[in-house]
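Some notes on the structure that comes next.
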There are 2 protein chains.
Amino acid sequence: MHTVAEPIQRLIDALVRLPGVGPKSASRLAFYLLRAPEDQVQELAAAIGELKANIVYCSRCQNLSISDPCSICQDATRDQSIICVVEEPLDVVAIERTGAYHGLYHVLHGVINPVEGVGPDDLRIAQLLDRQKREPVEEILIATNPTLEGEATAMYLARLLRPAGVRVTRLARGLPVGGDLEYADEVTLSRALEGRRDL
Amino acid sequence: MHTVAEPIQRLIDALVRLPGVGPKSASRLAFYLLRAPEDQVQELAAAIGELKANIVYCSRCQNLSISDPCSICQDATRDQSIICVVEEPLDVVAIERTGAYHGLYHVLHGVINPVEGVGPDDLRIAQLLDRQKREPVEEILIATNPTLEGEATAMYLARLLRPAGVRVTRLARGLPVGGDLEYADEVTLSRALEGRRDL
């Protein structure tokens with residue numbers, strides 16, 4: 001049986017392994033790329049191929065960065081007394097976009113999720129506890145998503161951090177429950193930052 | 001303002017240029033690739049980068065292939081008296097999958113679509129007329145999609161080809177109107193092939 005030419009099939013096979021890409025959209029993308037300008041195609045290939053080469057984890061806040069420490073951790077003008085704890089690097093981008101926060105960050109790289117087998121040891125929690133001991137932290141603002149797992153992770157962290165005497169806060173309930181922090185608009189996120197409450 | 005690290009932003013920018021990929025899904029894909037195994041990421045980059053390097057148009061049927069002529073045109077056991085005209089390379093794959101057709105193909109690479117500015121000269125129609133003159137063709141089966149543009153293109157081709165005395169047929173109306181040939185199931189496509197009628 002005749003199938004599609006091998007280089008095309010190879011790309012379709014690589015594309016269907018991506019989340020949210022089925023066989024039909026993989027085919028569409030492959031044939032789109034076949035007709036796209038060569039420089040656009042090569043730029044995409046290079047962006048994928050070189051993605052990880054220059055990316056490191058910041059040893060302080062655990063965010064993905066091109067330098068260690070990252071640009072935020074290196075910035076002495078930022079408020080060193082508050083750490084905002086988020087699930088993912090994109091959450092840092094979302095909060096920075098509000099312009100309403102000037103402290104530091106800590107990226108967990110996930111949430112506690114027993115159903116998917118993600119426990120506290122799979123997240124960057126030990127590094128957070130370490131920072132709380134070494135750094136002049138007065139407040140830890142837990143900005144995990146307002147989902148079941150995000151709330152459970154916030155509770156877990158609060159129980160670990162409070163005994164050390166640090167103020168533990170949570171983003172205000174301006175966020176729609178069940179929503180995703182990364183998709184929130186600037187105004188909603190700004191209000192949630194202003195109205196943060198002790199946990 | 002702090003944004004996402006440059007190599008990640010570069011990939012997001014390259015991904016949003018793809019059809020059907022918005023900023024949110026581009027971000028999701030980029031962060032998925034950051035955590036994916038390095039060999040999977042490099043395989044995807046290579047599949048994209050090398051996509052066009054080995055792909056040529058078959059000078060006979062105009063299909064995309066790794067050889068010229070393509071494997072179907074090279075196959076002497078195939079019925080040389082019938083040419084099935086399709087819009088896209090994926091349509092060849094769909095028809096081959098039925099196992100009900102053993103003739104040759106001709107790929108137009110599109111349909112006549114005045115709204116999008118696609119005229120007959122933008123398609124591989126001249127090459128089809130040339131084949132009809134040079135090759136021992138008895139029947140030309142027009143398998144464009146059962147859409148407005150596909151039907152119009154079929155009518156246009158029929159008017160060009162019939163004066164030369166060749167039998168011009170069309171896939172039977174087993175295909176759901178408004179549908180896409182490439183998505184049809186094997187049974188429907190097989191029936192449409194069997195029930196083809198003179199145009």
Decide whether B:I8 and A:V56 are clustered together by the hydrophobic rule: side chain heavy atoms of Ile, Leu, Val, Met, Phe, Trp, Tyr closer than 4.5 Å, transitively. no
For chain B, which residues from residues 109-119 of chain A lie under 4.5 Å away (heavy-atom distances)? A:H109
Looking only at heavy atoms, which of residues 121-137 of chain A get nearer than 4.5 Å to chain B? none
Rounded to the nearest 0.5 Å, what's the gap from CG on B:L18 to CG on A:L15? Could you check? 8.5 Å
Residues forming a side chain to side chain donor-acceptor pair (under 3.5 Å) with B:E138, sequence neighbours excluded: none
Inter-chain contacts: residues 22-48 of chain B against chain A, heavy atoms under 4.5 Å: B:K24, B:S27, B:R28, B:L29, B:A30, B:F31, B:Y32, B:L33, B:L34, B:R35, B:A36, B:P37, B:E38, B:Q40, B:V41, B:Q42, B:E43, B:L44, B:A45, B:A46, B:A47, B:I48
Could you check which of B:N54, B:I66, B:I55 has the highest count of heavy-atom pairs closer than 4.5 Å to chain A? B:I55
